[in-house]
Every structure is written in C-alpha cells, then in structure tokens.
Enquirer: 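First, the structure itself, so that you have it in front of you.
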Amino acid sequence: MHFPEVSPMDELMAQRVAKLDQLRALGMDPYPTRATRTHTAAEANALVDALPEGVSEAEGVVAQVAGRVVARRDMGKATFIDLLDGTGRIQVLLRQNTLAEGLYDALKLIDLGDFISATGMPMRTRTGQPTVGATTWAMLSKALHAPPEKYHGLADPEIRQRRRYLDLLGNEESRERFKLRSKVVSGIRRFLDARGFIEVETPVLQEAAGGAAARPFVTHYNALDEDRFLRISLELHLKRLVVGGFEKVYELGRIFRNEGFGLKYNPEFTMLETYEAYGDYLQVADMVEEMVSTVASEAIGRDTFVFRGHEISLARPWRRITFHDALRQYADLDLEAFPTAETLRAELERRGLDVPPTAGYGKLADEAMSFYVEPHLQNPTFLLDYPIELSPLAKRKPGNPRLVERFEVFIGGFEAGNAYTELNDPIDQRERFEEQLRLRAAGDDEAELMDEDFLFALEHGMPPCGGFGMGIDRLIMILTEQPTIREVILFPQLKSLKPDTQPTPSDTAITSSPAETAGPTTPSPAAAGEGAGG
RNA sequence: GGGCCCGUAGCUCAGCUGGAUAGAGCAGUGGACUUUUAAUCCAUUGGUCGAGAGUUCGAAUCUCUCCGGGCCUACCA
C-alpha cells in the first residue's frame, strides 16, 4: 500500500511538537487567536511591481503579509521565506540586523508548513524579486507535519484525492483547476441569471426518486420510520415549479446515482437543469451552445481544448444530426428497417454487440448509439430526435409517433447534456409511466416509477416547455482537459479504508506542556467549544 | 467479476538476471554563509524494503498466500 497512515508520534513530528514549547518559552503563542494582515501576497507583489523604474523600495510603506511557509533559504544572518496565501506567493526577507533581539534566532522554530505573518517594507531584491523586508514576524499556526515534497509535490493519485488538502497545499495546478471549476459554475449562474432564470432548490430526500433511469441510494428517516431516496435528477420537481408559474427556473445541485465509479462516473455529481416555459428543445439547443461557449471563453479565455488527445472546439455553431442519421452514418444501421425490439436485438447480436437481456427497444437503440456513434462525437454535437421508448418524459415529435423531441449533446466522446421538449400532456404522461412500470416488471430496475403527484401537477396544466440537464463535472473535465472525473471533484468517491489502515486518534496523541493560556479542563464535553466568539 | 501493474526513509524515487552493513534528492538535525529563489557547501539522524510462509549457505530481489492500492475492462443513458 502506498497510503501513509497517520503516523504515531514519529521523530519529525516530535521535533515540531517540541518547538511549540520553545515558542511559548519565548512568549510566542504558536496558535494565536487572531491574525492581522494588511496586504495579500498579490497586493504586496503588485505594490513592488508598481514602483517606478530604478526604485527598489516602497519607502514609508509597511505591509503585513501572512501565509503558509512553503520554502525557506537560510543564508546565515539573512533568511528568505516564501509565504503562500490564497492569492499566491510572496517572498519575505528576514535579516538579523533588522529584527528585534531574539527574533532572528527564533526563526529556527519555523518549519515548512507553518503559517506566519511578516511585517515590513515592500522592496525589490538584487535579483528583482518582490519581497517584504521584514522588521518583525509572528507565528500564526504551527504545523505538526511536513508538507509534501517541495519539488515533485504530492504525486500519488490516491492520497491526492483522499487527502485533497495535501494536494491543494502542495500542487498549484490542482488549486488552479478547482478555482477554474468555481469560475465556470459562477459563470453558468451569471449567464442564466442574466437571461431571467431564477435559481431554486428542490428536495434531495424523496419518497420516490424519479426523472432519470438510474438506481437511487436509500436512507432511513428515523422520525417517520420510513425509507427515503436520494434524488437521481432534478426534473420532476422543477417541472412542478413551471406548473406553478415560474417560467424560467434552474437548479444547480448534487444528485446521487447508486452505481459504480470510474473515469467519467462519480456516484454523486453536480447537475444543472433548466426549464423554460414557452420554449422547446431547439431553443434550448441554441441556449446551450451560447452558454457553454460563452462560459468557456469568459472563465478560461479560450474555446478550444485538447481532451484525451482530441482537439475540441466549442465555437458556435455546433453540429446537429438526428439520432437515426447518426446511426446510418456511423453504423450503417437503419433503425426503420428494424422497427421492433426483436428485430433490432437480432441485428445487434448479428453484429456481435453484447446487449443486456432485459433491454427493450429504446435501450437497444441506445446501446447501438453508444457503441457506434458516441466515440466519434468529439466536437460538440447535438443528437436530435430519440426513440420514444428511451424518453418517457419527452414530448412526441409531430408527424412521427415513434420519436420524441429530445437531444443529447456530446462533447469529447461522451454525453454532456440532455434536453426535451417537455411532455405536458398528462394522459400521455400517465401512459408513459405505465409503460415504464411494465419495463420495471420485466426486470429493468432503472425504469421510472409512477409519480402521482407529478401527474396531478401536469393535470393542472403545464405550458409548453424546453428542459435541459447537464453534468457539470463532465463539462469541467473538458474545460480543464482532465481525463478523469476524479480530478475535477474535490472529494471524489473512493473505496473506504479498511479498519486496520484507518488512522486511529490515539496514534496521534500529542503531549506537550499546556499553554499558559489554557484554562482548566472542562469536565463535560458538551460544554466545550461552539459557544465562544462573536 | 476478468486482465495488467504497484507497495523500499516523512515526501519523490533508485536498487529487483539472489550476494556482504539497503541508496539518492528533498524534508529534519548540527555547522558555514546578510539579496536567495529546486540557494550552495560540510557533517549527520531516520528504513521490520506492505504482512506472513516457503526456496536458498544467503531474499528488498525468486515462489505462494494474504493485505492495501492504481489502471484497463465489465456494470453504470
């Protein structure tokens, strides 16, 4: 195994713990209650960069910076320390002749990973590096473990994902990637808000999880002594809101699907769903094109990406092709020649595809699409007009009762989004649910369940409506050019650690003499913490 | 579930066709150095080589079992 246990008090940690006492002996609290800073690293750097040509000191300016000690170069009577804060790095120069008595010697109590503050004049060193020429410094928080190796960083993917804090504090690319994710998400919100959408929140815990073909997680509600299901989609509640009169709604939230995890799957993932009254799936397609290309350009500054070896352009317009035409083009398969589940199954088996025994017509067509078509769809492509069997919540296509007005959008060879002209005929919707129940009875445990309240809502009338759903994580994968979903989720699902490898608290028990400031031990744990401050 | 691969110091990794006391860099400790930036230089601490069993005069190295993990595949619109 390559996963380090939380070590018992090893030698390195013992040395750091001993420094706690040494700091206290010098009158320095290793964990002071609060800190002050006047400048972020970025502000301090900018201040120096703004100095006129030939001027190397910001005379009269006193800047206090704070951050984690990420590098240290000890030159004898001068020491350079690099601090990392949320805005970047700032170098601090500490010299024996500019620090108060004893403060220079106390530098040996600073280790990599500690948080300190340093105060002094912003300046430029001989080599041009913006630097705070410190006249004093203070410990803000002492770290008891060494940070990851400074040059190679933390490389083990498991530790990087399981202990993301170590990845983030050691690997700048990782920090940048998650900042980018945040910019994309806020960009999506800005885009939708600007178009008059309102953001809403709907229940995660549901009596029946519907709106998608997936198995839910089950949990137990103690107060009612009933099971609840974690939502697998946002759809049915958002459409209730359209019935209620909200014309443009979206929700950006976590959904949960009880399935395995892998390169592009995580059991909990972030979904965007939008519903627009008086819209249809073609209007939604226009909006999606605009939203994704706009957000990519704004958040990342470009609209071409290299994803899994393919160059992908998000520039508009995006290609549009029907589901049937795509199968004709990439598989030389004409679905109209195989109109029943039996004939289609026979054809796919003749071609050597391994299809699940319970698959109905829709599932079979989808299998063929996944196998033959999906890998070719690198640049954004809308696949239009799906078989009705695959889409129990979408409205029929006028003139062709076997198709629905639906698209899935593919980018980088996988599905990134899904949209319908929403089915608003309550009678038709009831029949579709009944068909789903038949599929379920035939062994498809991902088929939709009847949702009587949703039907009751539709029976009150829902305006024509275009709806859309997009897996945000997959979009982020493309925009950050990451081949795995785990690299774009801060804390991805991982196998649980077996008990004998789990850190045990007693292993990390630390003994050092109590701080002068420490009060008597509170006898009741319930009385501790939380109440103070404010 | 199937296939391939990995586990050596706190971190990043060598060593693996069996050979003596298991190495390097970083981090740590001690020392030199008042403008460095992967600082440099000198010295030095630290390892039950994932665990167990076996083969052998001798195992980090070969075999088996187990533990933990990764990748691919399968499952998963």
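By convention in this document, chain letters (A, B, ...) are assigned in the order of the sequence lines, proteins followed by strands, and residues within each chain are numbered from 1.
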Enquirer: Using the P atoms only, state how far B:rA22 lies from B:rG50, rounded to an integer number of Å.
Expert: 15 Å
Enquirer: B:rC64 pairs with which nucleotide, Watson-Crick or G-U wobble, both distances below 3.5 Å?
Expert: B:rG52
Enquirer: For A:Glu259 and A:Tyr265, does a side-chain donor sit closer than 3.5 Å to a side-chain acceptor?
Expert: no
Enquirer: Roughly how many Å is it from CZ in A:Phe80 to P in B:rA38, rounded to a whole number?
Expert: 12 Å
Enquirer: With distance as the sole criterion, is a donor-acceptor pair present between the side chains of A:Arg177 and A:Thr480 under 3.5 Å?
Expert: no
Enquirer: Would you measure the distance from the C1' atom in B:rG18 across to the matching atom in B:rU56 and give it in whole Å?
Expert: 9 Å
Enquirer: Report the distance from atom CG of A:Leu166 to atom C1' of B:rA27, rounded to the nearest whole Å.
Expert: 15 Å
Enquirer: So A:Gln129, base contact, sugar-phosphate only, or nothing? Heavy-atom distance under 4.0 Å.
Expert: base
Enquirer: Check every atom of B:rG70, B:rA77, B:rU36 against the side chain of A:Arg486 and return the nucleotide holding the closest atom.
Expert: B:rG70
Enquirer: Mind checking the P distance from B:rC33 to B:rA38? Whole angstroms is fine.
Expert: 23 Å
Enquirer: Please work out if A:Asn97 contacts a base, only the sugar-phosphate, or nothing of the nucleic acid, heavy-atom cut-off 4.0 Å.
Expert: base
Enquirer: Round to a whole Å and report the spacing from CG of A:Leu99 to P of B:rU34.
Expert: 15 Å
Enquirer: Between B:rG28, B:rU34, B:rA77, which nucleotide has the shortest distance from any of its atoms to the side chain of A:Arg95?
Expert: B:rU34
Enquirer: Send over the distance from A:Lys264 NZ to B:rU73 C1', rounded to a whole Å.
Expert: 13 Å
Enquirer: Between B:rU48 and B:rA9, how far apart are the two C1' atoms, rounded to whole Å?
Expert: 13 Å
Enquirer: Answer with base, sugar-phosphate or nothing: what part of the nucleic acid does A:Leu263 contact at a heavy-atom distance below 4.0 Å?
Expert: sugar-phosphate
Enquirer: Quantified in whole Å, what is the P atom distance between nucleotide B:rC11 and nucleotide B:rA51?
Expert: 15 Å
Enquirer: Taking a pair as Watson-Crick or G-U wobble with both distances under 3.5 Å, which nucleotide is matched to B:rC71?
Expert: B:rG3
Enquirer: Of the candidate nucleotides B:rC33, B:rA77, B:rG28, which contains the atom at the shortest distance from the side chain of A:Glu408?
Expert: B:rA77
Enquirer: Kindly say if A:Arg126 contacts the phosphate of B:rU36, meaning a side-chain N or O under 4.0 Å from OP1 or OP2.
Expert: yes
Enquirer: Rounded off to whole Å, could you give me the CG-to-P distance for the A:Asp105 and B:rU34 pair?
Expert: 14 Å
Enquirer: Which whole number of Å gives the distance between the P atom of B:rA59 and that of B:rA43?
Expert: 33 Å
Enquirer: Using both distances under 3.5 Å as the test, list the Watson-Crick or G-U wobble partner of B:rU36, or none.
Expert: none
Enquirer: If we only count heavy atoms from C-beta on, is the A:Ile472 to A:Ile476 side-chain gap below 4.5 Å?
Expert: yes
Enquirer: Distance between the P atoms of B:rC71 and B:rG58, in whole angstroms?
Expert: 40 Å
Enquirer: Provide the full list of ring-ring contact (aromatic ring centres under 6.0 Å, His included) pairs with a residue in residues 71-115 of chain A, sequence neighbours left out, each pair given once.
Expert: none
Enquirer: Quick one: which of B:rU34, B:rA77, B:rA27 gets closest to the side chain of A:Leu12?
Expert: B:rA27
Enquirer: Examine the side chains of A:Arg486 and A:Asn266 and answer whether a donor and an acceptor come within less than 3.5 Å of each other.
Expert: no
Enquirer: What's A:Gln91 touching, base or sugar-phosphate or nothing? Going by heavy atoms closer than 4.0 Å.
Expert: base
Enquirer: Would you mind classifying the nucleic acid contact of A:Asp82 as base, sugar-phosphate or nothing, using non-hydrogen atoms under 4.0 angstrom?
Expert: nothing
Enquirer: Specify whether A:Phe454 and A:Phe433 have parallel, tilted or perpendicular ring planes, treating 30° as the upper limit for parallel and 60° as the lower limit for perpendicular.
Expert: perpendicular
Enquirer: Write down the distance separating the C1' atoms in B:rC4 and B:rU21, rounded off to the nearest Å.
Expert: 37 Å
Enquirer: Is the ring centre of A:Tyr330 less than 6.0 Å from the ring centre of A:Tyr372?
Expert: no
Enquirer: Hey, which of these two, A:Gly76 or A:Lys363, hits RNA chain B nearer its 5' end, going by closest nucleotide?
Expert: A:Gly76
Enquirer: Which residues, if any, of residues 53-68 of chain A bring a heavy atom under 4.0 Å of RNA chain B?
Expert: none
Enquirer: Does a side chain donor of either A:Asn171 or A:Ser174 reach within less than 3.5 Å of an acceptor in the other side chain?
Expert: no
Enquirer: Output the single nucleotide from B:rU29, B:rA27, B:rA77 whose closest atom is nearest the side chain of A:Ala146.
Expert: B:rA27
Enquirer: Mind checking if A:Arg406 touches a base, just sugar-phosphate, or nothing, with heavy atoms under 4.0 Å?
Expert: base
Enquirer: Output the rounded distance in Å from CZ (A:Arg160) to C1' (B:rG70).
Expert: 13 Å
Enquirer: Should B:rA22 form a Watson-Crick or G-U wobble pair with both distances under 3.5 Å, which nucleotide is its partner?
Expert: none
Enquirer: Under 4.0 Å between a side-chain N or O of A:Lys19 and OP1 or OP2 of B:rU29?
Expert: yes
Enquirer: Just the rounded figure in Å: distance from P of B:rU34 to CG of A:Leu94.
Expert: 15 Å
Enquirer: I'd like to know if A:Arg73 reaches the base of B:rU36 with its side chain such that a donor and an acceptor end up less than 3.5 angstrom apart.
Expert: yes
Enquirer: Yes or no on side chain to side chain contact (heavy atoms under 4.5 Å, CB included) for A:Gln96 and A:Asp105, after CA distance, side-chain angles and deciding distance?
Expert: CA-CA 8 Å; A:Gln96 190 168 51; A:Asp105 289 338; 4.3 Å; yes
Enquirer: Would you kindly give the CD-to-P distance between A:Glu374 and B:rA77, to the nearest whole Å?
Expert: 12 Å
Enquirer: Regarding A:Asp385 and A:Tyr281, is there a side-chain donor-to-acceptor distance under 3.5 Å anywhere?
Expert: yes
